[in-house]
Amino acid sequence: MVQLNENYLKLPGSYLFSDIAKKVEALKASRPDAKIIRLGIGDVTRPLPKACVDALRKAAEETGTAEGFRGYGPEQGYAFLRETVVEHDFRARGIDVSADEIFISDGAKSDTGNIGDILGPDNRVAVTDPVYPVYVDTNVMAGRAGTLGADGRWDRLVYLPCVEENGFVPALPSVPADVIYLCYPNNPTGTTLTREQLKVWVDYARENKALILFDAAYEAFITEPDVPHSIYEIEGARECAVEFRSFSKTAGFTGTRCAYTVVPECLKVKVGGEDVALRRLWNRRQTTKFNGVPYIVQRAAEAVYTPEGQKEIAENIARYLGNAKTIREALLGIGLKVWGGVNSPYVWVKTPDGMTSWQFFDHLLYDLNVVGTPGSGFGPSGEGYFRLTGFGSAEQTREACERLKKA
Ligand code: PLP
């Protein structure tokens, strides 16, 4: 008889975005004239850079010729893209990473989810709270999370609250953690760690033989000099951290799909007295379960690093950051407490007057016709907070902010 992976049955339904959609639809039905503005959006809205579209077109033409046809590519990604990534994202910043340590993939979502395949079931996993839900749910699927309590916490996960009281800087875990997910600039809070603050985690991981899974999907939004672009800027990180990057938010690839993961050669875990390189296991995992990103998409990703590509992505990111700044200033102007929006497209706001995240959602939706995302949807410590994003249009963002200021 078939047996299921019953860990999947432990997962609660993922209702956050469907609940939001239902409320918005109901409002539209009852008040068809309401001009609803969506500032909850977690997807990019600007078109793909022309440099990427040109590269896509050229590569597509090439694969339609006998000489240029490509079948299965290397599972780790083509050398042209891995070498370009190393040159621009690492060597240009003085960071030591080699092309053999880069694994091109179809997304940071898949990679942050799939990395658990090479980790044992008994690891103690720590997550910041609030958190990008993929880290939690994939550990539930793997049986590493335990049981969900009435307080919304899984009893085998170690939660690292990031709240106003600690300035959104997670404290080291009070119980030993073997695997630690860190995402900076952070989704959903938009906050960052300085080099000094990140070093505390690298030192902890080295001392405790823990593994850091560092999600830098929003690296391109960093504007402040003391915020590290890569965890490998921190001494010793190559021995304890895997880093995830993505072209999704950087270059508008959310629908085109391309990302990469860095697994340093010297990142090793002791197994029965022997050092095993994580890179070897991740390579085995990828070559078995993944057949690579399309050639044409990798050419498009390569074009991100051309001077035209760089100029175009910088303009798009500046627009999103400009929107985030508009939101941030409007909220500060009406006396709310706000974080993020400086090195991130996400603005995190404390709900006023002790309102819950959903009460604030309802207020914004019904009274101002503005849609955001309740912080409680990202974890128990997100209760009492709310996420707005700079991914909308400048005009709609300004209009939404006018409504906020008048409210
Ligand atoms: N990591 C974080 C923190 C994200 O917020 C997202 C997308 O919203 C992803 C990863 C997914 O990236 P990708 O589109 O490369 O799968």
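By convention here, the first residue in the shown sequence is residue 1. When reading the values below, keep in mind they use all heavy atoms of this one structure, side chains included, and skip hydrogens, waters and symmetry mates. Being a predicted model, the structure only gives us computed values, none of them experimental. Both ligands and their constituent atoms are indexed starting at 1 by order of listing.
Closest to atom 7 (C) of ligand 1 among all protein heavy atoms lies Lys249 NZ, 3.3 Å. In terms of protein heavy-atom proximity, atom 9 (C) of ligand 1 is closest to Tyr132 OH, 3.2 Å. Of the protein's heavy atoms, Asp215 OD2, 3.4 Å lies nearest to atom 2 (C) of ligand 1.
Side-chain contact between Lys337 and Val349 is absent, with no heavy-atom pair separated by less than 4.5 Å.
Only side-chain heavy atoms of Tyr218 come within less than 4.0 Å of ligand 1; its backbone N, CA, C and O stay farther off. Of all the heavy atoms of Ser248, the ones lying under 4.0 Å from any atom of ligand 1 belong exclusively to the side chain.
On a distance-only criterion, Asp106 and ligand 1 share no N/O pair closer than 3.5 Å. The shortest N/O to N/O separation between Asn187 and ligand 1 falls below 3.5 Å. Polar contact check, Thr254 against ligand 1: no nitrogen or oxygen pair lies under 3.5 Å apart.
Partner of Leu211 under the side chain to side chain contact (heavy atoms under 4.5 Å, CB included) criterion, chosen from Ile115, Asp178, Val242, Ile180: Val242. A ring pair (Phe, Tyr, Trp, His ring centres under 6.0 Å) with Tyr78 holds for exactly one of Tyr72, Tyr260, Tyr295; it is Tyr295.
Listed by number with element, the atoms of ligand 1 under 4.0 Å from a non-hydrogen atom of Gly107 are 15 (O), 16 (O). Each of the following atoms of ligand 1 lies closer than 4.0 Å to a heavy atom of Cys183: 3 (C).
The pair Glu62-Arg70 counts as a salt bridge, with a side-chain nitrogen and a carboxylate oxygen less than 4.0 angstrom apart. Salt bridge present: Arg403 and Glu399 bring a charged side-chain N and a carboxylate O closer than 4.0 Å. In this structure, Arg319 does not pair ionically with Glu315, as no charged nitrogen and carboxylate oxygen lie closer than 4.0 Å. A salt bridge links Glu239 with Arg206: the closest approach of a Lys/Arg side-chain nitrogen to an acidic carboxylate oxygen falls below 4.0 angstrom.
Residue contacts with ligand 1: Thr112 is excluded, as none of its non-hydrogen atoms falls under 4.0 Å.
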>> The test is ring pair (Phe, Tyr, Trp, His ring centres under 6.0 Å); show your working for Trp348 and Phe386 and say whether it passes.
In response: CA-CA 6 Å; Trp348 191 243; Phe386 199 76; 8.7 Å; no

